[in-house]
Amino acid sequence: MLGFVNHLHTNMAMSLRDQFQLTFLDNDNWMLYVEGLKNTLIVTFFALMIGVLLGSIIAAIRSTYDKTYSEMRNGIGKLILLLLNTICKIYLTVIRGTPVVVQIMIMYYIIFVSSNNKILIAALAFGVNSGAYVAEIIRSGIMSIDQGQFEAGRSLGFNYLHTMLYIIVPQALKNVLPALANEFIVLLKETAVSGYIALMDLTKAGDKIRAATYSPFMPLITVAVIYLILVMFFTWLIGKLERRLRNDER
């Protein structure tokens with residue numbers, strides 16, 4: 001125990017150069033950061049794809065229910081829409097009402113207990129979680145579209161599905177792009193809890209180096225700086241996309 005304390009005090013007194021050597025160069029620790037960053041970006045990308053797809057479907061069901069249910073004739077179609085909307089509301093309540101870290105652990109230790117593909121499981125867990133928030137973002141965008149747009153689609157010979165797909169949803173996505181961008185950034189940072197299923201993400205890599213070197217400063221500050229750079233870079237990209245979309249409207 002005394003040896004550990006002395007080793008810890010020695011590391012705290014090390015120069016930044018020594019800490020850099022210990023954190024990045026010794027035992028090729030920098031490769032852990034590379035692997036962690038790669039896994040973080042992979043999980044975030046596929047989780048975003050799952051979230052947008054799932055969220056779009058749920059938003060379409062929920063907005064269709066809000067706009068048409070009261071006017072529909074009694075029949076199997078109305079019953080199916082009611083059932084789908086109820087399922088969506090249960091999904092939104094459960095996912096938004098429980099912590100994402102619990103969801104990823106349930107996904108890994110219960111639902112996919114026979115699988116060891118941690119990246120796939122993490123992407124599914126974060127995608128399902130993100131889908132609940134994306135759904136409400138897109139639904140708000142759809143509900144903000146003027147009713148005249150639906151009537152214009154019908155006058156062109158589109159049915160309700162085609163009107164939603166070709167006219168309403170593209171406009172809604174443009175309107176909610178800033179909110180979707182914010183959800184993407186939140187999702188990127190939420191993947192930091194992937195270490196709970198022993199996935200070597202960026203945060204787990206930094207924590208592993210911290211545990212091995214007994215030097216918390218450089219490993220954890222490095223993780224924070226990398227996340228900050230990623231967020232700033234994606235914020236810049238999204239800003240450029242928003243400006244381009246605004247210019248296209250002129």
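These values consider heavy atoms only, across backbone and side chains, with no hydrogens, waters or symmetry-generated copies.
- Clustering ILVMFWY residues whenever any of their side-chain heavy atoms sit less than 4.5 angstrom apart, transitively, puts Leu220 in a cluster other than the one holding Val231.
- With a 6.0 Å radius and a threshold of 12 heavy atoms from other residues, nucleotides or ligands, Tyr91 has its OH atom above the threshold.
- For the pair Ile87/Ile61, no side-chain contact is recorded, criterion being any heavy-atom separation below 4.5 Å from C-beta on.
- Closest approach of Thr203 to Ala192, counting heavy atoms only: OG1-CB, 3.2 Å.
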Q: For Phe126 and Ile50, run side chain to side chain contact (heavy atoms under 4.5 Å, CB included): C-alpha distance rounded to whole Å, both residues' side-chain angles, the deciding distance at 0.1 Å, then the answer.
A: CA-CA 9 Å; Phe126 288 115; Ile50 295 169; over 6 Å; no
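- Across all non-hydrogen atoms, the minimal contact from Gln103 to Ile95 is NE2-O, 2.8 Å.
- In summary, the side chains of Ser115 and Tyr108 do not present any donor paired with an acceptor at a separation below 3.5 Å, with no hydrogens or angles considered.
- Annotation for Ala205 and Gly36: closest pair CB-CA, 4.5 Å, computed over non-hydrogen atoms.
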Q.
What verdict does the side chain to side chain contact (heavy atoms under 4.5 Å, CB included) test give for Asn182 and Ile137, after you've listed the backbone C-alpha separation in whole Å, the side-chain angles of each residue and the deciding distance to 0.1 Å?
A. CA-CA 11 Å; Asn182 183 67; Ile137 292 172; over 6 Å; no
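- Of the inter-residue distances, the one linking Tyr133 atom OH with Arg96 atom CZ reads 7.0 Å to the nearest 0.5 angstrom.
- Distance check: Asn85 CG to Ile80 CD1 gives 13.5 Å after rounding to the nearest 0.5 Å.
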Q: Begin from the C-alpha positions of Asn116 and Lys118 and carry the test side chain to side chain contact (heavy atoms under 4.5 Å, CB included) through to its verdict.
A: CA-CA 6 Å; Asn116 198 36; Lys118 296 172 184 175; 3.7 Å; yes
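- Looking at every heavy atom in both residues, Arg62 comes nearest to Cys88 through CD-CB, 3.9 Å.
- Screening residues 167-202 for ring-ring contact (aromatic ring centres under 6.0 Å, His included) gives Phe184-Phe234 as the qualifying pairs, with residues at least two apart or on separate chains.
- Taking the side chain as every heavy atom from C-beta outward, Phe45 and Met49 approach each other to under 4.5 Å.
- At most 12 heavy atoms of other shown residues, nucleotides or ligands fall within 6.0 angstrom of atom NZ in Lys208.
- Looking at Arg210 and Asp207, a side-chain N of the basic residue comes within less than 4.0 Å of a carboxylate O on the acidic one, giving a salt bridge.
- With a 4.5 Å cut-off on side-chain heavy atoms, Met218 and Thr222 count as touching.
- The pair Glu35-Lys38 fails the salt-bridge criterion, with no side-chain N (NZ, NE, NH1 or NH2) lying under 4.0 Å from an Asp/Glu carboxylate O.
- Put simply, Met107 and Ile110 are part of the same group of oily side chains (I, L, V, M, F, W, Y) that touch within less than 4.5 Å, one to the next.
- Contact annotation: the side chain of Val223 approaches that of Tyr33 to within less than 4.5 Å [non-hydrogen atoms, C-beta and beyond].
- In this structure, CG on Asn117 lies 9.0 Å from CG on Leu124, to the nearest 0.5 angstrom.
- Contact of the Asn175 side chain with the Ile145 side chain is registered, since non-hydrogen atoms from C-beta on lie closer than 4.5 Å.
- Phe46 and Val43 fall within a single hydrophobic cluster, where Ile, Leu, Val, Met, Phe, Trp and Tyr side chains are chained together by heavy-atom contacts under 4.5 Å.
- Residues Leu83 and Ile57 fall into different hydrophobic clusters, defined by Ile, Leu, Val, Met, Phe, Trp and Tyr side chains chained together at heavy-atom separations under 4.5 Å.
- When every heavy atom of Gly206 is checked against every heavy atom of Pro219, the shortest pair comes out as O-CB, 3.5 Å.
- Across every non-hydrogen atom of Gly141 and Val176, the tightest pair is CA-CG1, 3.5 Å.
- In this structure, Val186 is not a member of the same hydrophobic cluster as Val134, with clusters built from ILVMFWY side-chain heavy atoms closer than 4.5 Å.
- Atoms CD1 and CD1, from Ile121 and Ile197 in turn, are 6.0 Å apart once rounded to the nearest 0.5 Å.
- Val113 forms part of no hydrophobic cluster, judged by ILVMFWY side-chain heavy-atom separations under 4.5 Å.
- Between Ser194 and Asn39, every side-chain heavy-atom pair lies at or beyond the 4.5 Å cut-off.
- Rounded to the nearest 0.5 angstrom, Leu41 CG and Leu230 CG are separated by 6.0 Å.
- Within the 4.5 Å cutoff, no side-chain heavy atoms of Leu199 are placed close to those of Lys204.
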Q.
Go through it in stages, so that I can follow the logic: the residues are Glu190 and Val101, the test is side chain to side chain contact (heavy atoms under 4.5 Å, CB included), and I'd like the CA-CA distance, side-chain angles, deciding distance and then a yes or no.
A. CA-CA 9 Å; Glu190 279 184 343; Val101 65; over 6 Å; no
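- Residues Phe233 and Leu228 are not in side-chain contact: their nearest non-hydrogen atoms beyond the backbone lie 4.5 Å or more apart.
- Taking CG from Leu202 and CE from Met200, the interatomic distance works out to 10.5 Å, rounded to the nearest 0.5 Å.
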